[in-house]
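Here you go, one structure.
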Amino acid sequence: MCREGVLTIKKLFKEAQRLLAEAGVPEARLVPPRSHEFGEATTAYPMEKAGMVGKRPFELAEEIVSKLGSSELIESVKAVPPGYINFYADWRRFSEHTLSEIFRLGQMGYASSEIGEGKVVLVEHTSVNPNKALHVGHARNVYLGDLVARTLSKTGHKVYVLNYVDDSGVQMASILLGFLELGIPASPPEGVRFDEYCGDHVYVEVSRKAETDRTLEERLRSLAKRVEERGSGEFRYAREVAEKVLSYQLMTCWRLGARYDMLFRESDVVASGLWSKTFQRLLEAGIIYKAASGENAGCWCVDLSGHETLSKEGDEVLVKSDGSTTYVARDIAFALWKLGESDVEIGGRVWGRNPDGSEILITDTDTATHLEIPKASMVITVVGSEQRRPQEVIKYVLKKLGVDGERYLHFSYERVSLSSESAKRLGMREVERKAIHMSGRRGIYIKVDAVLDELKELAAQEVRRRHADWGSDKVDEVSEAIARGALRYSLLRTEAEKAVVFDMREALRLEGDTGPYIQYSVARAHRIVEKARDAHLQPSMRKSGDLVKEEKLLIRSASYLPLVVEEVAKTLRLRQLLTHSREMAVRFNEFYEKCPVIEGGESAPFRLALVESYIIAQASLMDIIGIPVLREM
RNA sequence: GGGCCCGUAGCUCAGCAUGGAUAGAGCGCCGGCCUUCUAAGCCGGAGGCCGCGGGUUCGAGUCCCGCCGGGCCCGCCA
């Protein structure tokens, strides 16, 4: 899709910049002001420059303003103490331009852009061990990764989403140990999901037994090694169990709004020969060595002595003394493949489809067809901050192999822990700590589906109260959408590098700074549009008189939207999308209170256009954020 | 011990990248608003040594240094 002309808000900035250039200060930097009182564009240039030319900032500002000419979208420019220059929009023109732009580009186009220029980006997220159901900590990973993917694909990037399935680690092996050697039934009781059965019952049970039975650790290790041997019975069985768990995990992921292009099985890193090829390369590049003595005797290790900080912590083991690989080894090989820096062909097949109908591929070394992915200009791996070290090792190795490390980005985030209150509800006794880390092994976690179900029930109560006439299907559909919007917003509202303390009571809120607040504003807007239709009211992008404050602020917030999205695509400060979505919703609610539409007299047609444009702009942003849009709630 | 992240209102969080105009929300608390488009909303109020100390600057919540408090990493786990 091609944009006709320049975006209105950008045009306003361009005009302001041109005026400044004509006044002799082309270097003045314009930014959006933090308050509407300071106009639509502002510069602190006089304060930065005053000292150097020996003038007082405010005088310099006035001097510059006096030299400014006029332009189409800017009505006035003011010099303001202590030394700002503020540009104010010509609201008649600015609003008309903005509204027509929103209508022209529509919900699919308004928030999107082409700045990605079709660059291929691989985003890896989710990557939950296939031995359990997703808990709320995993949900943060899915939401963050999915939002990165959504944002980038809306801004002209070609995005491929990968889910790395660790079917060859110890966690997987412990499930197999339970089934094969400890006599735990391999199928769950009636009505219990397989992923929940493995995580809640099998994994916890095996971990518990391992505490008293010291031989289990050794049996587990030898089982894990056999799982890595392509063609062994254990290899096949592990893949079978993993795929089964995965199929249930993905149901949860879809409920979270995520989608995937490819499921990459860790067992295939070794089985496909990707690892052995990578090993050869590392060997030839002289990055690895086999330790003859010391604590790593018999292991192949990465030489980290050249790394500024990692060198202090000792070298990284890639191949254990028993010949099996470590997670970091497999991840290095995988990273090379993701970056298109490996010529090893990976077999694969179609696994299934996302709810949106797109195909999901899965690696499968037994298949003759090869998976093809265009070379990625950037690989983004969404992994918790506790994995900073291994991720840094990967990056270091990539650089040593001559790959541009800037192409490999670790999108790091802090983990989700449970508030002591929520932990108490799970039967935890030690509550003196403020937050307790979730642990699959100890059975301390809250499953995502359980949270969504509770949220949904809460929403359903409210929906039924408001709409006694609705059938159960409609109540179900709407309350599910509210629950999804609420949880997504609540787990994304904290900046990724900050730890989240999950509190059930807090998560179950549907008012205030929440997803439903935004959904509700759109539902209200839809109701106005319906009533307007009944009243045969036609929208108009022009207003006869001056715009009132609430009208201006609503348009203003919508006009900045495309700018915000482009900014986030560059910085990946995802939170700003939520902040802006909320800002628009707040502006709409203020407008809603103060400005009657249907009974708005002369202003009615213009206000109707405003309401319709709000729906388009907000919905286009919600499409990116992944909050379901509702016409009624 | 070494490395990284966090510390802003009673609680949960914005603002810090790119220093600048009275430090913003939500929850909770107090007080208002439903004969007019959905009150999951709106309006008002109380509530802040921006962890502490120093530095840079005309100007620091934002940048630099030190300290204190909390978290994470430093495994032949992933």
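Order of the sequence lines fixes the chain letters, A, B, ..., with proteins taken first and strands second; residue numbering starts at 1 for each chain. Everything numeric in this text was worked out from a predicted model, so none of it was measured.
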* Asked: So which nucleotide from B:A14, B:U22, B:G41 ends up closest to the side chain of A:Phe38?
  ->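 Selected nucleotide (nearest to the side chain): B:U22.
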
* P atom, B:C11 versus B:G28: distance in rounded Å? ->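 The same atom, P, in both gives a distance of 16 Å.
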
* A:Arg582 to A:Tyr517, cation-pi by 6.0 Å centre distance and 45° axis angle ->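 Output yes; distance and angle both within limits.
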
* With stacking defined as ring centroids separated by under 5.5 Å and planes differing by under 30°, is A:Tyr520 stacked against B:G41? ->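 Aromatic stack with B:G41 absent for A:Tyr520.
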
* Counting heavy atoms from C-beta on, name the nucleotide in B:C42, B:C5, B:U18 closest to the side chain of A:Asn589. =>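 Selected nucleotide: B:C42.
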
* To do: Let me know the distance between CD of A:Glu632 and P of B:C37, rounded to the nearest Å.
  =>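 These atoms are roughly 16 Å apart.
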
* Send over the distance from A:Leu30 CG to B:U18 C1', rounded to a whole Å. =>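 Computing the A:Leu30:CG to B:U18:C1' distance gives 14 Å.
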
* Asked: Any idea which of B:C4, B:C37, B:C72 is nearest the A:Arg388 side chain?
  ->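 Of all the options, the side chain of A:Arg388 is nearest to B:C4.
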
* Asked: Tell me: CZ of A:Phe502 to P of B:C13, nearest whole Å?
  ->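 About 13 Å, once rounded to whole Å.
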
* **Check against salt bridge (charged side-chain N to carboxylate O under 4.0 Å, His left out), A:Glu590 and A:Lys594** => CA-CA 6 Å; A:Glu590 286 166 357; A:Lys594 298 261 171 57; over 6 Å; no

* Could you work out which one of B:C76, B:U12, B:C37 sits closest to the side chain of A:Pro596? =>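 Minimum distance to the A:Pro596 side chain belongs to B:C37.
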
* Asked: Which whole number of Å gives the distance between the P atom of B:C58 and that of B:G19?
  ->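 After rounding to an integer number of Å, I get 15 Å for this pair.
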
* B:C13 and B:A39, which share atom name P, separated by this distance in whole Å ->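 Between the two P atoms, the distance is 31 Å.
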
* Go through the N and O atoms of the side chain of A:Thr514 and the base of B:A40, and report whether any donor-acceptor pair is under 3.5 Å. =>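 No.
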
* Asked: To the nearest Å, how far apart are A:Glu497 CD and B:G15 C1'?
  ->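 Checked: the CD to C1' distance equals 13 Å.
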
* Asked: When the nearest nucleotide of RNA chain B is assigned to A:Glu266 and to A:Glu495 on a heavy-atom basis, which residue is associated with the more 5' position?
  ->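 Of the two residues, A:Glu495 wins.
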
* Could you state the atom-to-atom distance from CZ of A:Arg505 to C1' of B:C11 in whole Å? =>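 My rounded result for the distance is 9 Å.
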
* To do: Kindly say if A:Tyr614 contacts the phosphate of B:C37, meaning a side-chain N or O under 4.0 Å from OP1 or OP2.
  =>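 Answer is no, no contact under 4.0 Å.
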
* Asked: When the C1' atoms of B:A23 and B:C16 are considered, how many whole Å apart are they?
  ->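 Their C1' atoms lie roughly 12 Å apart.
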
* Take atom P in B:G15 and the same atom in B:A25, then report the distance between them in whole Å. =>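 Between the two P atoms, the distance is 15 Å.
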
* Closest nucleotide among B:C6, B:C77, B:A40 to the A:Arg465 side chain ->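 Selected nucleotide: B:A40.
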
* **Between B:C50 and B:U62 - P atom distance, rounded Å** =>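 It works out to 10 Å between them.
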
* Asked: For the pair made of NZ in A:Lys498 and P in B:C11, what is the distance, rounded to whole Å?
  ->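 A:Lys498 atom NZ is separated from B:C11 atom P by 14 Å.
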
* Asked: How many angstroms lie between OG1 in A:Thr325 and CG in A:Asp331, if you round to the nearest 0.5 Å?
  ->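 The distance works out to 11.0 Å.
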
* Could you tell me whether the side chain of A:Arg466 has a donor or acceptor atom within less than 3.5 Å of a complementary atom in the base of B:A40? =>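 Counting by modelled atom types and ignoring angles, a donor-acceptor contact under 3.5 Å is found here.
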
* **Atom pair distance, as rounded to whole Å: CE in A:Met52 and C1' in B:C58** =>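 So the CE-C1' distance, A:Met52 to B:C58, works out to 14 Å.
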
* Would you say B:A39 has OP1 or OP2 under 4.0 Å from some side-chain N or O of A:Arg524? ->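 Yes, within the criterion.
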
* Asked: With a distance cut-off below 6.0 Å to the six-membered ring centre and an angular limit of 45° from the axis, does A:Arg524 pair with A:Tyr592 as a cation-pi contact?
  ->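 Yes, A:Arg524 and A:Tyr592 form such a contact.
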
* To do: Taking atom P in both B:G7 and B:C33, compute the distance separating them and give it to the nearest angstrom.
  =>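 Between the two P atoms, the distance is 40 Å.
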
* Do A:Ser385 and B:C72 have a side chain to base donor-acceptor pair shorter than 3.5 Å? ->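 There is none.
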
* To do: Take the protein atom CD of A:Glu550 and the nucleotide atom C1' of B:C37, then report the distance between them rounded to whole Å.
  =>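 Taking CD of A:Glu550 and C1' of B:C37, I get 16 Å after rounding.
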
* Given B:U18, B:A39, B:C76, the nucleotide with the shortest approach to the side chain of A:Asn296 ->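 Of all the options, the side chain of A:Asn296 is nearest to B:C76.
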
